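Down below is the structure, laid out as C-alpha cells.
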Amino acid sequence: MIHVSGNVIDSETRCTHYHSELDIIAIKFYCCDTYYPCYQCHEESGCGDHKVWPTERFDKKAVLCGCCGHELTVNEYLGCNSKCPSCGAGFNPGCQLHRELYFE
C-alpha cells in the first residue's frame with residue numbers, strides 16, 4: 001500500500017478535514033512527491049514550496065483511490081466522472097472546486 005501523509009483517519013485516505021463517504025482519494029503533490037488526502041494536510045506538513053501539477057505532466061500518476069489503491073494519472077482523474085476506473089468507487093465531485101490547488 002502506498003503511504004499517505006497528513007491527518008489520515010482511516011485506511012481509505014479520509015482525513016480530519018474531509019471525511020465523507022466519498023472522500024477517498026489522495027493526491028501526490030507535485031512539489032514534494034508525497035501523497036496527502038487534501039491541500040490542508042499538505043499545508044500543515046510544512047512543505048513550504050507548493051507547486052501544482054503542470055499540464056505537460058498530466059500523464060503521470062498523481063491520484064490514489066483509497067478504496068482499491070489504484071493510481072490514476074491526472075488526465076485519468078480529471079476524466080473519470082468522479083468514479084475510480086478500476087473499482088468503480090465514487091469520488092467526491094466537490095473536489096473539482098479545489099482543482100486549482102492541485103493542477104494547472
Side-chain angles (χ1 to χ4, degrees):
M1 185 70 172
I2 294 171
H3 178 73
V4 178
S5 296
N7 296 315
V8 182
I9 60 172
D10 70 15
S11 64
E12 292 190 332
T13 75
R14 291 178 188 88
C15 68
T16 55
H17 309 105
Y18 295 95
H19 46 267
S20 79
E21 182 180 326
L22 297 176
D23 291 314
I24 60 166
I25 65 159
I27 297 176
K28 184 188 294 183
F29 279 75
Y30 184 72
C31 45
C32 56
D33 198 39
T34 302
Y35 274 106
Y36 288 93
C38 75
Y39 69 94
Q40 290 172 308
C41 285
H42 177 251
E43 284 176 8
E44 291 169 358
S45 78
C47 171
D49 190 30
H50 182 84
K51 291 186 175 94
V52 298
W53 281 92
T55 306
E56 63 271 11
R57 303 292 306 243
F58 280 14
D59 62 335
K60 301 297 179 192
K61 293 183 179 193
V63 179
L64 177 70
C65 173
C67 185
C68 73
H70 179 71
E71 283 185 285
L72 293 77
T73 67
V74 177
N75 281 328
E76 287 173 322
Y77 174 68
L78 295 175
C80 76
N81 294 317
S82 299
K83 284 190 185 252
C84 177
S86 180
C87 72
F91 301 150
N92 189 338
C95 291
Q96 293 292 330
L97 299 174
H98 305 133
R99 178 191 165 147
E100 76 281 356
L101 299 172
Y102 308 108
F103 315 116
E104 265 185 1

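Note that this is a predicted model, so its numbers are computed, not measured. The first residue in the sequence is number 1, and the count goes up from there. Values reported hereafter were calculated over all heavy atoms of this structure, with side chains retained and with hydrogens, waters and symmetry mates removed.
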Greater than 12 external heavy atoms within 6.0 Å of Asn81's CG: no

Any chain of hydrophobic side-chain contacts (each under 4.5 Å) joining Phe58 to Leu72? yes

Gap separating the CG atom of Asp33 from the SG atom of Cys47, nearest 0.5 angstrom: 11.0 Å

Give a yes or no on whether the backbone of Thr34 and the side-chain of His3 come within a donor-acceptor separation of less than 3.5 Å. no

Return the CG to OG1 distance between Asp59 and Thr73, rounded to the nearest 0.5 Å. 7.0 Å

Side chain to side chain contact (heavy atoms under 4.5 Å, CB included) evaluation trace for Cys68 with Cys84: CA-CA 9 Å; Cys68 73; Cys84 177; 3.8 Å; yes

Gln40 side chain reached by Asn7 side chain, heavy atoms, under 4.5 Å: no

Phe91: partners by ring-ring contact (aromatic ring centres under 6.0 Å, His included), with sequence neighbours left out: none

Would you indicate whether the side-chain heavy atoms of Tyr39 and Tyr18 approach each other to under 4.5 Å? yes

Just checking, is any N or O donor in the side chain of Glu44 or His17 under 3.5 Å from an acceptor N or O on the other one? yes

Flag, side chain of Glu12 to backbone of Ile24, donor-acceptor distance under 3.5 Å: no

I'd like to check Cys87 versus His70 (side-chain heavy atoms, cut-off strictly below 4.5 Å). Are they in contact? no

Would you please indicate yes or no on a ring centroid separation below 6.0 angstrom for Tyr30 and Tyr102? no

Are any of the side-chain heavy atoms of Val4 and Pro37 separated by less than 4.5 Å? yes

Linking I/L/V/M/F/W/Y whenever their side-chain heavy atoms sit closer than 4.5 Å, directly or via other members, would Phe103 and Tyr35 fall into one cluster? no

For Glu21, I'd like to know if atom CD has over 12 heavy atoms of other residues, nucleotides or ligands within 6.0 Å. no

Any side-chain heavy atom of Pro93 within less than 4.5 Å of one from Leu22? yes

Do the side chains of Val8 and Val63 join up, straight or via other hydrophobic residues, at under 4.5 Å, putting them in one cluster? no

Check the pair Arg99 / Leu78 against side chain to side chain contact (heavy atoms under 4.5 Å, CB included), numbers first and verdict last. CA-CA 9 Å; Arg99 178 191 165 147; Leu78 295 175; 3.7 Å; yes

Do you know which two heavy atoms are closest between Arg14 and Ser20, and how far apart they sit? NE-O, 2.8 Å

Those residues that, when tested against Glu71, pass salt bridge (charged side-chain N to carboxylate O under 4.0 Å, His left out) (two or more places apart): none

Side-chain (Ser5) to main-chain (Tyr36) donor-acceptor, under 3.5 angstrom: no

Do Cys32 and His42 have side chains that approach each other closer than 4.5 Å (heavy atoms only, starting at C-beta)? yes

Under 4.5 Å between side-chain heavy atoms, hopping through other hydrophobics if needed: is there a path connecting Phe29 to Ile25? yes

